[in-house]
Every structure is written in structure tokens, then in C-alpha cells.
Amino acid sequence: MRSLIVSDFDLAHTVQSAQPLAFFGDPSGDGNGVTYACGGSLVEARQAGSRLEYTAYGAIGGRRLDREIAARFRLEDDMRSVYAAIETDAFMRRATKRYRGLRITKNGPWETALCFVISQFNNVKRIRGIVKRLITAYGEEHALDSGGVRLSFRSFPEPEALAKAGVRDLMAHGAGFRARYIKALAEECSGSVDLGGLGGKGYEGAKEALMELDGIGDKVADCILLFGYGRLNAFPIDTWVQRAMERTYFGGRRQSIGRLHEFAEKRWGPYAGYAQQYMFWAFRNSGKGRAGV
DNA sequence: ACCCAGGCGGGCG
DNA sequence: CGCCCGCATGGG
């Protein structure tokens with residue numbers, strides 16, 4: 001067991017807020033911990049007050065595990081600067097107060113892309129179910145024997161595995177009309193498209209390239225940039241964020257997605273992604289947003 | 001029974 | 001460009 005002292009960090013809010021980690025990881029019973037597959041290792045993290053405790057089974061450990069945890073939960077983010085930038089009004093101050101410590105997580109581009117292609121026109125509970133069934137059906141199985149404790153788990157399915165799947169099979173796992181997007185995207189990412197290479201491009205160029213792919217439009221591209229590449233300026237606009245912004249800043253009048261992007265960039269700039277995540281989660285869990293978690 | 005969900009692609013004006 | 005529609009599926 002290793003640990004770090006953290007501040008402005010809340011693991012429960014982070015793992016419950018419908019980020020990729022919440023889709024492929026397993027939150028603990030009390031919601032204050034999470035278990036997730038990282039390559040061929042299984043990582044467990046838990047928070048006790050200001051202490052973030054974690055351990056891993058498999059090859060990863062020591063300093064490399066420290067770096068994985070720090071990167072995954074963006075422990076290096078200067079949250080004082082983030083809050084200073086996004087607490088622009090009463091609505092945002094309420095959101096950051098209610099969900100203080102919620103971090104954007106850093107996930108792999110591929111797993112982020114798949115999770116958010118599945119997310120379209122869907123709800124959080126069902127997204128989680130579909131992702132878990134795909135992991136069970138197509139994820140590589142890992143069996144470990146660490147100190148006499150045997151455990152087995154499956155890691156996130158690789159693009160190659162899903163490229164071989166049939167659309168009918170994907171639909172049988174509940175993917176619905178997204179099945180053909182999943183297959184096409186998996187074929188692209190296991191073939192001509194190098195998702196990792198997009199990390200070197202600028203925000204606009206990377207977004208344009210992502211939107212060339214099947215099932216990826218404006219919103220999903222921004223999700224991949226935010227949660228998969230760590231572009232904190234990316235501002236995904238889903239139905240919740242659109243409604244929240246229209247009610248809060250435009251007197252309830254309908255606004256185009258382009259207009260909302262413009263507003264967000266001007267108002268929150270380099271930390272717009274954090275503004276989005278607090279707005280999304282606060283509004284979705286409010287009376288107005290009305291939805292179970 | 002009815003409505004909606006972390007939207008996208010395609011067709012039309 | 002903008003607008004509108006269909007889309008699979010299950011939970012509230």
C-alpha cells in the first residue's frame with residue numbers, strides 16, 4: 001500500500017461523475033474508492049481524509065504506480081488556479097462548493113473514444129452496463145498470483161478485438177444503433193488511424209481529425225480531448241450543459257452549439273473543461289436536472 | 001404508456 | 001451554414 005497527501009481532491013466525486021473511469025472502473029461499495037485495470041495490472045485506490053491510498057496487483061508498482069496515480073487523477077493540477085478561473089458567477093460557485101475536489105481524470109485516448117461513442121443519445125447507467133459487457137466479452141483476461149492471492153480480471157478491449165466483432169454481436173450486448181460506430185471506429189483505430197499520434201497536434205487540428213472518425217462529432221471529440229488527451233480547454237456540450245447554460249446565462253433562450261462554445265471559451269478559457277464537468281455534474285444532480293446518479 | 005438519455009449522420013432548404 | 005429526422009434500448 002502506497003499513499004499520497006492530497007488537497008482539493010475528492011475521489012468519490014471524481015469516480016462517480018460519469019467520466020471514463022466511472023464506466024470501466026468499479027467504484028467501491030461506499031463510493032470512496034475505485035478499482036480499474038491498467039494494462040495487465042489491477043489498481044485499487046481509496047481516499048481516507050487527506051490521504052490517497054493505492055495499491056496494485058501485477059507488474060506496475062513503486063514509482064511507476066505513483067506516476068500512474070498522479071497522472072490518472074491529475075494530482076498536479078493547481079486547483080486554486082482552476083477554481084479562480086471557473087468561479088465566475090453564483091451558479092459556478094455553487095457547483096464547485098458542492099463538488100469540491102472533483103478532478104478531471106486522464107484516461108487512454110482509445111478507451112475514452114469508445115466510452116463516449118457509446119455515450120451518445122444514451123444514459124449513464126446504460127453506458128456503464130454496455131462498457132462492462134464489452135469488457136467481459138472482448139477484454140483480455142489476466143490471471144495473477146500475488147503472494148498466494150489469485151485473482152483474475154479483464155482489461156479494456158483493444159481495438160483489434162472489437163474490429164473482429166460482428167455488429168450483431170455488439171448489438172446483442174446492448175450497444176444499439178451505436179454498434180456500427182463501434183465496429184467502424186475499432187477498425188480505423190486498429191488500422192490506419194494512430195490515436196496516440198493526435199496528442200502532438202494542436203487542439204483544433206486534433207478535434208478536426210477526431211471528427212473524421214465514425215461516430216465522433218463535436219461533443220464526443222471534445223470529450224476525447226478532455227478526458228483522453230488532457231486538453232483542459234476542451235468544452236463538451238451535451239444536453240445537460242446546453243440546458244444549464246441556456247437557463248443560467250441566456251434567460252432560457254435556445255442557443256446554437258457554436259454560440260455556447262464561443263461563450264465558454266471567452267468565459268473560462270484554458271480551464272473550460274473543468275467548468276464543464278462541474279456544471280454538468282451539478283446541474284444533472286440538481287432538482288432542475290432531475291436524474292438519479 | 002410515454003419520455004428521455006454525456007449525439008451523430010444524412011438529407012433538405 | 002441551419003434545421004429536422006431517425007436511430008436501439010432500458011430506466012424513470
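So that the names make sense, note that chain A is the first sequence line, chain B the second, and so on, each numbered from 1.
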Participant: Of the nucleotides B:dG9, C:dC7, C:dG10, which has the atom closest to the A:N123 side chain?
Facilitator: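 It is C:dG10.
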
Participant: Please state whether the phosphate of C:dG12, meaning OP1 or OP2, lies under 4.0 angstrom from any side-chain nitrogen or oxygen of A:K125.
Facilitator: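 Yes, A:K125 has a side-chain N/O under 4.0 Å of OP1/OP2 on C:dG12.
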
Participant: Could you give the NE2-to-P distance, from A:H173 to C:dA8, as a whole number of Å?
Facilitator: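 Going from NE2 in A:H173 over to P in C:dA8 covers 18 Å.
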
Participant: Taking only the P atom of each, what is the distance from B:dC8 to C:dG11 in whole angstrom?
Facilitator: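 Going atom to atom, P in each nucleotide, I get 24 Å.
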
Participant: What's the closest nucleotide to the A:M171 side chain, out of B:dC8, C:dC7, C:dT9?
Facilitator: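 Nearest to the side-chain atoms of A:M171, counting from C-beta on, is C:dT9.
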
Participant: Applying the 5.5 Å / 30° rule, does A:F121 stack onto the base of C:dC7?
Facilitator: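 Per 5.5 Å and 30° rule: yes, stacked.
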
Participant: What's A:L213 touching, base or sugar-phosphate or nothing? Going by heavy atoms closer than 4.0 Å.
Facilitator: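 Answer is sugar-phosphate: A:L213 comes under 4.0 Å of backbone atoms only.
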
Participant: Students often get this wrong, so: under 4.0 angstrom with heavy atoms, is A:I237 touching a base, only sugar-phosphate, or nothing?
Facilitator: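 Result for A:I237 = nothing.
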
Participant: For a 4.5 angstrom cut-off between non-hydrogen side-chain atoms, does A:S28 reach A:R46?
Facilitator: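 They are in contact (side-chain heavy atoms under 4.5 Å apart), so the answer is yes.
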
Participant: In whole Å, what is the span from the CZ atom of A:R126 to the C1' atom of B:dC4?
Facilitator: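 Taking CZ of A:R126 and C1' of B:dC4, I get 11 Å after rounding.
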
Participant: How long is the gap from CD on A:E111 to OH on A:Y36, to the nearest 0.5 Å?
Facilitator: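 Rounded to the nearest 0.5 Å, the CD-OH separation comes to 10.0 Å.
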
Participant: With nearest nucleotides of DNA chain B determined for A:P236 and A:M211 from heavy-atom distances, which residue corresponds to the more 5′ nucleotide?
Facilitator: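 Looking at the nearest nucleotide for each, A:P236 comes out on the 5' side.
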
Participant: Just N and O in the side chain of A:R243: are any of them under 4.0 Å from OP1 or OP2 of B:dA5?
Facilitator: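 Yes, A:R243 has a side-chain N/O under 4.0 Å of OP1/OP2 on B:dA5.
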
Participant: Could you tell me whether A:R267 and A:D89 make a salt bridge, using a distance below 4.0 angstrom between a side-chain N and a carboxylate O?
Facilitator: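 A salt bridge links A:R267 with A:D89.
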
Participant: Tell me whether A:F177 is stacked on the nucleobase of C:dA8, counting only the six-membered base ring and applying the 5.5 Å and 30° thresholds.
Facilitator: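 The ring of A:F177 is not stacked on C:dA8.
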
Participant: Indicate, with a heavy-atom threshold strictly under 4.0 Å, whether A:Q242 touches base, sugar-phosphate, or nothing.
Facilitator: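 A:Q242: no heavy atom of the nucleic acid under 4.0 Å.
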
Participant: Below 4.0 angstrom from OP1 or OP2 of B:dG7, is there any side-chain N or O of A:T239?
Facilitator: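 For A:T239, the contact criterion (side-chain N or O under 4.0 Å from OP1 or OP2 of B:dG7) is met.
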
Participant: Rounded to whole Å, how long is the line connecting atom CG of A:D214 with atom P of B:dG7?
Facilitator: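 After rounding, the reported distance stands at 18 Å.
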
Participant: Could you work out the separation of C:dG10 and B:dG9 based on their C1' atoms and round it to a whole Å?
Facilitator: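 That atom pair is separated by 23 Å.
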
Participant: Using the P atom on both, measure B:dG11 against C:dA8 and round to a whole Å.
Facilitator: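 Rounded to whole Å, the distance is 16 Å.
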
